[in-house]
Visitor: 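Here's a structure for you.
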Protein chains: 2
Amino acid sequence: MKMSDVAKMANVSPATVSRVLSNPELVSKKTRDKVLEVINQVNYQPHIVARQFRTKETKTILAVVPDITSAFFSEVLRGIEHTAIREGYQVILGDTENSVERENDYINLLLQKQVDGMLLLTARLEKEKLEELAEHFPIVLACEYIDGLNVPTVSIDNISAARKATEHLIKLGHERVAHICGPMNVILGRDRLRGFRQAMMSHDLDVDPSYIQEGGNESLESGYNQMMKLLALETPPTGVFVYNDEMAMGAMKAVKNSGLRIPEDIAIVGFDNLKMASVVEPHLTSIDQPKYKIGQKAMSILIQKINKEKITKQSFVMKDHLFIRQSCGGQSFVSSSEQKT
Amino acid sequence: MKMSDVAKMANVSPATVSRVLSNPELVSKKTRDKVLEVINQVNYQPHIVARQFRTKETKTILAVVPDITSAFFSEVLRGIEHTAIREGYQVILGDTENSVERENDYINLLLQKQVDGMLLLTARLEKEKLEELAEHFPIVLACEYIDGLNVPTVSIDNISAARKATEHLIKLGHERVAHICGPMNVILGRDRLRGFRQAMMSHDLDVDPSYIQEGGNESLESGYNQMMKLLALETPPTGVFVYNDEMAMGAMKAVKNSGLRIPEDIAIVGFDNLKMASVVEPHLTSIDQPKYKIGQKAMSILIQKINKEKITKQSFVMKDHLFIRQSCGGQSFVSSSEQKT
DNA sequence: ATTTTTCTTGAAATTCATTACAAGAATGAT
DNA sequence: ATCATTCTTGTAATGAATTTCAAGAAAAAT
């Protein structure tokens with residue numbers, strides 16, 4: 001059943017049927033009703049691929065994430081999807097599982113015009129390649145970013161957020177503060193380390209090199225292992241800022257398994273403010289990223305790009321917020337309203 | 001740059017270029033190399049939508065999930081995506097956020113031929129509608145299912161798994177066993193309740209109606225609230241089987257907030273075996289669903305359907321497994337290898 | 001060397017909706 | 001009543017690949 005069949009049945013031209021579907025105001029009420037009746041009667045569904053082919057729009061965008069199993073990204077994705085659907089777009093999901101090659105593979109969807117634009121929630125590609133690509137296709141970065149990149153980017157200020165997290169520990173009196181790093185090949189890993197260093201420096205605190213635990217991936221297990229190494233030191237830290245909540249939960253597990261208490265023996269701050277942060281015991285103090293909003297914002301900028309609107313700013317920095325809970329002490333009571341956070 | 005341009009440059013017909021791309025064995029080595037050289041030289045990318053239009057295949061499938069933010073589904077999704085990519089398919093993600101209307105909306109992608117098939121990880125539609133749809137389009141259900149539905153379905157046996165979970169509590173000596181239910185409008189909610197009832201019955205244990213906590217959604221908060229109600233009873237239960245891990249974690253929070261201990265005062269069993277189950281304290285005993293495998297299996301059946309292969313079985317029941325941890329007592333030590341689970 | 005078979009290749013049709021353009025009808029202005 | 005303007009509709013071109021069919025070339029068989 002195609003448009004021309006509907007046209008015949010309604011005694012109009014295919015052009016008119018097309019107009020009824022996409023520009024109904026161009027068709028007289030009488031004709032329109034006649035056509036709509038036939039459409040309903042035969043249950044006609046336009047062949048969208050044919051439309052896409054003709055209009056050169058797929059109304060589909062690609063969202064590339066480094067890890068779909070991460071609670072962080074699924075919130076961002078929801079922000080993306082809501083905005084996408086509201087604007088009539090579909091979302092294709094591309095999970096790279098932290099692999100640059102797979103990130104590269106997804107670019108083909110753009111080159112082959114299968115999607116109208118791309119949202120990168122990971123940025124491990126080379127800067128030049130990405131910029132070159134962004135000249136020809138609508139691309140927006142979110143969460144991760146590349147320094148000085150000439151492509152719209154939505155994220156928080158990771159350095160200052162990490163500084164804030166570290167300073168929270170310092171203000172609570174900790175002097176032996178350590179950092180469990182994220183992956184150093186990702187800018188977020190480097191930024192959060194940088195923020196940590198800045199905070200220590202500006203409070204005239206030494207950073208023992210063994211207090212900086214690099215290595216491993218972003219997993220819970222990695223957080224566990226790195227905390228174990230810190231605990232094995234002759235003088236372990238009393239406060240630890242961890243790259244993200246998932247690793248922080250691994251780190252907490254390590255502390256508890258070692259028979260130590262949080263926050264009395266070791267205070268911990270995480271990053272991302274996952275839902276789980278207020279479920280684990282003790283509740284985890286953490287930097288909140290406005291995940292849903294980041295997704296929304298990134299998607300709406302992408303749509304602007306697709307519509308060839310001029311984007312004046314290239315960098316959109318969202319507000320982060322330190323949620324103080326029990327894992328650092330200094331506040332031991334969590335109100336019942338907090339559990340809804 | 002289109003195929004005909006490449007053809008001209010290589011002094012061949014467009015048909016030959018097409019064959020080089022999709023059936024290279026039909027083209028002589030000499031011609032093939034010549035064409036490939038031009039393709040590389042001008043960096044030609046075929047227009048995939050045009051191909052889709054012509055071949056009536058999009059090589060894209062739709063995966064409809066009730067909630068992308070759930071840790072459970074993201075694992076299943078990964079199984080789906082791996083298999084999809086291996087077979088040359090893209091995955092469009094449809095998040096319904098537990099709404100039947102949105103589930104319905106996604107069906108349009110099928111009707112309009114935007115996808116070659118659909119994977120439903122939720123099944124709130126009417127049976128007849130779904131069966132009718134499945135006659136015309138490749139559809140596979142996973143995780144959820146509909147009784148007696150004539151559409152391939154991949155899932156575990158929820159009733160027997162729930163029975164197993166409940167029996168674990170009973171075997172540990174609990175007689176006052178309660179169930180915190182999932183949503184009753186979802187078959188999984190009803191099944192797990194049924195399994196709970198069966199286990200109680202077959203051990204001649206009464207089920208106090210107030211021990212069956214219905215209502216609410218699948219969220220952590222709901223688990224918290226329902227456990228609070230159980231604790232408020234004159235004689236609270238000593239063991240609780242909770243619909244899923246997320247709710248179980250909410251329930252654990254309620255127990256702890258009430259100053260009670262797990263498992264000494266209240267033993268808890270969850271369902272799904274999320275990664276978090278072995279992070280929360282105490283580690284949560286839970287029924288494992290082979291999430292990744294379910295995704296894999298469902299996707300490969302879908303591909304078989306797309307390829308019009310005959311599927312003999314309609315129901316694929318995967319193995320579940322009870323992971324015994326600390327939340328029920330009876331085993332207090334968790335080996336270090338377990339933490340990798 | 002001739003016939004048969006298999007390999008290669010190209011011409012042209014096909015997929016289905018959109019849209020520029022033009023023409024005719026209807027409305028409004030004078 | 002006539003002309004100008006606006007509305008409505010249809011004709012036909014268009015997009016970029018794939019694929020059927022046929023023809024000519026090459027290889028194999030006799």
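Chain letters run A, B, ... following the sequence lines, proteins first and then strands; every chain starts at 1. Quick note: numbers below take in every heavy atom, side chains included, and nothing from hydrogens, waters or symmetry partners.
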Visitor: In whole Å, what is the span from the NZ atom of K30(B) to the C1' atom of dA27(D)?
Guide: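 Answer to the nearest Å: 16 Å.
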Visitor: Could you tell me which residues satisfy side chain to side chain contact (heavy atoms under 4.5 Å, CB included) with S219(B), sequence neighbours excluded, listed by chain and number?
Guide: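 Scan of S219(B) (side chain to side chain contact (heavy atoms under 4.5 Å, CB included), adjacent residues dropped) gives N217(B), E221(B), S222(B).
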Visitor: Measure from the side-chain N and O atoms of Q296(A) to the backbone N and O of G79(A), and report whether any donor-acceptor pair falls under 3.5 Å.
Guide: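 Side chain of Q296(A) to backbone of G79(A): no pair is present.
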Visitor: Who passes side chain to side chain donor-acceptor pair (under 3.5 Å) against Y145(B), sequence neighbours left out?
Guide: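 Side chain to side chain donor-acceptor pair (under 3.5 Å) check on Y145(B) returns D191(B).
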Visitor: Quick one: E57(A) CD to dA17(C) C1', roughly how many Å, whole number?
Guide: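 From E57(A) CD to dA17(C) C1': 14 Å.
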Visitor: Figure out the CG/C1' separation between L26(A) and dC21(C), and round it to whole Å.
Guide: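 Going from L26(A) (CG) to dC21(C) (C1'), I get 14 Å.
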Visitor: Residues in side chain to side chain donor-acceptor pair (under 3.5 Å) with N108(A), at least two apart?
Guide: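 Scan of N108(A) (side chain to side chain donor-acceptor pair (under 3.5 Å), adjacent residues dropped) gives none.
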Visitor: Which part of the nucleic acid, if any, lies within contact of N11(A), taking any heavy atom under 4.0 Å across all strands shown: a base, the sugar-phosphate backbone alone, or nothing?
Guide: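 Contact class for N11(A): sugar-phosphate only.
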Visitor: Would you tabulate the side-chain donor-acceptor contacts of residues 29-42 of chain B under 3.5 Å, counting partners in other chains and residues two or more places apart, or write 'none'?
Guide:
residue	atom	partner	partner atom	Å
K29(B)	NZ	D33(B)	OD2	2.6
T31(B)	OG1	S28(B)	OG	2.7
R32(B)	NE	P24(B)	O	3.4
R32(B)	NH2	V27(B)	O	3.3
N40(B)	ND2	L36(B)	O	3.3

Visitor: In whole angstrom, give the distance that lies between atom NZ of K8(B) and atom P of dA11(C).
Guide: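 From K8(B) NZ to dA11(C) P: 12 Å.
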Visitor: What nucleic acid atoms does V49(A) come within less than 4.0 Å of, heavy atoms only: base, sugar-phosphate, or nothing?
Guide: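 The answer is nothing, as V49(A) stays clear of every strand by at least 4.0 Å.
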Visitor: Strictly under 4.0 angstrom, non-hydrogen atoms only: write out the protein contact profile of nucleotides 14-19 of chain D, one letter per nucleotide from the 5' end, B, S or -.
Guide: BBBBBB
Visitor: According to salt bridge (Lys or Arg N to Asp or Glu O under 4.0 Å), who are the partners of K308(B), at least two apart in sequence or on a separate chain?
Guide: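 Partners of K308(B) under the salt bridge (Lys or Arg N to Asp or Glu O under 4.0 Å) test: none.
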Visitor: Expressed in angstrom and rounded to an integer, what is the separation of K113(B) atom NZ from dT15(C) atom C1'?
Guide: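 These atoms are roughly 11 Å apart.
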